[in-house]
Q: 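Submitted below is the structure of interest, expressed as structure tokens.
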Amino acid sequence: MRAESVGPADRDAQPAAAPDASAPAQAAGPASDSPGGDWADLSPADARSRFRVGEVRPTSGIADAFAQANLIAVPQELAFDVLLFAQRNPKPCPVLGVLEPGQVTSDLLAGGDIRTDIPRYRVFENGVEVARPTDATDYWREDLVAFLVGCSFTFERALLEGGIALAHQDQGVNVPMFRTTRRCASGGRIGGPLVVSMRPIPASQVADAVRITSRYPAVHGAPVHVGSPSELGIADLSRPDFGDPVDIPAGHIPVFWACGVTPQAAVMESRPSFAIAHDPGHMLITDARDSDYLVP
């Protein structure tokens, strides 16, 4: 098992011994900075094979013609509650697939293994993160039901093709993500706040960003908010709850999309006995094409 100590992805829910929240989550830069610069052109299977042997990096821009997914895995006795939570909150929790107890692969990751093929995982006990391994095999349980939830990295290629730059890729960091004061509808024993990702967009291109992303409803679709972060209860854009801060250039407006880290925030608040998730920004790269989720 390759494992790392709990790091900075969430400042509010860590044990007292957790490392300094200001420490960077990883040394790796954006996908385009990798040796050979070939990450964007990888097949999903090739990307997953690199993660399987220990490569750790945010996945924005990797295998960029293919959809990415968040992971939340819970014991079977909680699975209906998570499914109900997702059904009641389709904007942040669009379910792309479900792996039943004992199942570790599916047609979304043919020949892959959900326990090893994500760059890094988070393991929760009673809502508290207790480990951040790069291989979750030793933590995986036979009773776990794994939900694959759509990710906004899926529509980033469309934004780039529309001439809209992505600050986190340009600056070589993970996308910033924030808890908000907006409440999600509870599902049984699972409830919590909406989490959003933020991308600064030139004011003249905000309408284009809304139009482009609205055509991908299965991966969060159009933004949930444009402009003032205080209206979402976000006090400081330089202190994301997950991911890394980005510089916001002059003339750019913060634009916020619903985020698939929302189920993790619900786990932290609802405190189920056990859960495994992806480390925010470190996604499962699926075999589905981004165009599979494009609507007219």
Side-chain angles (χ1 to χ4, degrees), residues 7-14 18-31 57-61 68 70 91-92 122 129 151-156 159-160 162 164-184 192-210 212-213 219-266 268-269 278-283:
D10 181 83
R11 286 190 291 272
D12 299 330
Q14 304 307 335
D20 183 349
S22 64
Q26 64 282 318
R57 63 188 306 120
T59 53
S60 177
Q68 300 195 23
N70 302 266
K91 193 74 168 173
R122 302 176 81 194
E129 183 182 353
C151 173
S152 61
F153 286 173
T154 304
F155 59 54
E156 287 188 333
L159 289 171
L160 291 169
I164 298 172
L166 299 172
H168 58 286
Q169 288 191 11
D170 292 343
Q171 296 171 30
V173 297
N174 199 354
V175 70
M177 293 158 274
F178 302 86
R179 285 193 189 89
T180 73
T181 52
R182 291 189 184 179
R183 299 294 299 174
C184 291
L194 172 69
V195 175
V196 294
S197 61
M198 189 280 291
R199 296 165 180 81
I201 305 292
S204 62
Q205 293 182 301
V206 168
D208 292 332
V210 172
I212 290 167
T213 59
V219 290
H220 306 306
V224 296
H225 183 69
V226 175
S228 174
S230 64
E231 295 183 22
L232 293 173
I234 299 170
D236 187 350
L237 289 179
S238 71
R239 292 179 59 82
D241 294 295
F242 312 92
D244 300 313
V246 295
D247 295 329
I248 301 179
H252 287 56
I253 294 174
V255 179
F256 301 89
W257 280 266
C259 178
V261 177
T262 296
Q264 292 190 41
M268 289 188 237
E269 180 174 309
H278 68 292
D279 190 16
H282 300 70
M283 318 306 296

Q: What pairs with F178 under ring pair (Phe, Tyr, Trp, His ring centres under 6.0 Å), at least two apart in sequence or on another chain?
A: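 Applying ring pair (Phe, Tyr, Trp, His ring centres under 6.0 Å) to F178 gives none.
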
Q: Sequence neighbours excluded, which residues qualify as salt bridge (Lys or Arg N to Asp or Glu O under 4.0 Å) partners of D247?
A: none

Q: Between side-chain atoms of residues 258-266 and protein atoms elsewhere (two or more places apart, or another chain), which donor-acceptor pairs fall under 3.5 Å?
A:
unit_1: T262; atom_1: OG1; unit_2: V195; atom_2: N; d: 3.0
unit_1: T262; atom_1: OG1; unit_2: V195; atom_2: O; d: 3.4
unit_1: T262; atom_1: OG1; unit_2: C259; atom_2: O; d: 2.7
unit_1: Q264; atom_1: OE1; unit_2: R122; atom_2: NH1; d: 2.7
unit_1: Q264; atom_1: NE2; unit_2: H278; atom_2: O; d: 2.7
unit_1: Q264; atom_1: NE2; unit_2: H278; atom_2: ND1; d: 3.4

Q: Decide yes or no on side chain to side chain contact (heavy atoms under 4.5 Å, CB included) for D244 and H168, but give the supporting numbers first.
A: CA-CA 8 Å; D244 300 313; H168 58 286; over 6 Å; no

Q: If you measure from NE2 on H282 to OG1 on T59, what distance do you get to the nearest 0.5 Å?
A: 7.5 Å

Q: Ignoring hydrogens and angles, tell me if any N or O in the side chain of K91 forms a donor-acceptor pair with the backbone of A222 under 3.5 Å.
A: yes

Q: Do Q68 and E156 have side chains that get closer than 4.5 Å, going by heavy atoms?
A: no

Q: With a 4.5 Å limit on heavy-atom distance, are the side chains of V175 and S60 in contact?
A: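 No; the side chains remain at least 4.5 Å from each other.
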
Q: Given side chain to side chain contact (heavy atoms under 4.5 Å, CB included), test I164 with R199 step by step and report yes or no.
A: CA-CA 10 Å; I164 298 172; R199 296 165 180 81; over 6 Å; no

Q: Taking 4.0 angstrom as the limit, do E269 and R183 come out as a salt bridge?
A: yes

Q: Are L160 and Q169 close enough that some pair of their side-chain heavy atoms sits under 4.5 Å apart?
A: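 Yes, their side chains come closer than 4.5 Å.
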
Q: Quick one: side chains of residues 227-235, donor-acceptor pairs under 3.5 Å with protein atoms, not counting sequence neighbours, listed by atom name and distance.
A:
unit_1: S228; atom_1: OG; unit_2: S230; atom_2: N; d: 3.4
unit_1: S228; atom_1: OG; unit_2: S230; atom_2: OG; d: 2.7

Q: Kindly indicate whether the side chain of V196, heavy atoms from C-beta on, has any atom under 4.5 Å from the side chain of H225.
A: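 They are not in side-chain contact.
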
Q: Under the side-chain contact (heavy atoms from CB on, under 4.5 Å) test, which residues partner I253, sequence neighbours left out?
A: A203, V206, V226

Q: Does any part of the side chain of T213, heavy atoms only, come nearer than 4.5 Å to the side chain of H220, both counted from C-beta?
A: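 When only atoms from C-beta onward are counted, T213 and H220 do not touch, as no gap falls below 4.5 Å.
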
Q: What pair of heavy atoms forms the shortest contact from L159 to A209, and how long is it?
A: CD2-CA, 3.9 Å

Q: Name the residue from P58, S197, P240 that meets the side-chain contact (heavy atoms from CB on, under 4.5 Å) definition with N174.
A: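 It is P58; the other options fail the test.
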
Q: Ring pair (Phe, Tyr, Trp, His ring centres under 6.0 Å) with H252: which residues, sequence neighbours excluded?
A: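 In terms of ring pair (Phe, Tyr, Trp, His ring centres under 6.0 Å), with neighbours along the sequence ignored, H252 is linked to no residue.
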
Q: Which pair of heavy atoms, one from C151 and one from V219, lies closest together, and at what distance?
A: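 Of all heavy-atom pairs spanning C151 and V219, the closest is O-CB, 3.3 Å.
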
Q: CD1 of I248 to CG of L237: how many Å apart, nearest 0.5 Å?
A: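 Answer rounded to 0.5 Å: 4.5 Å.
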
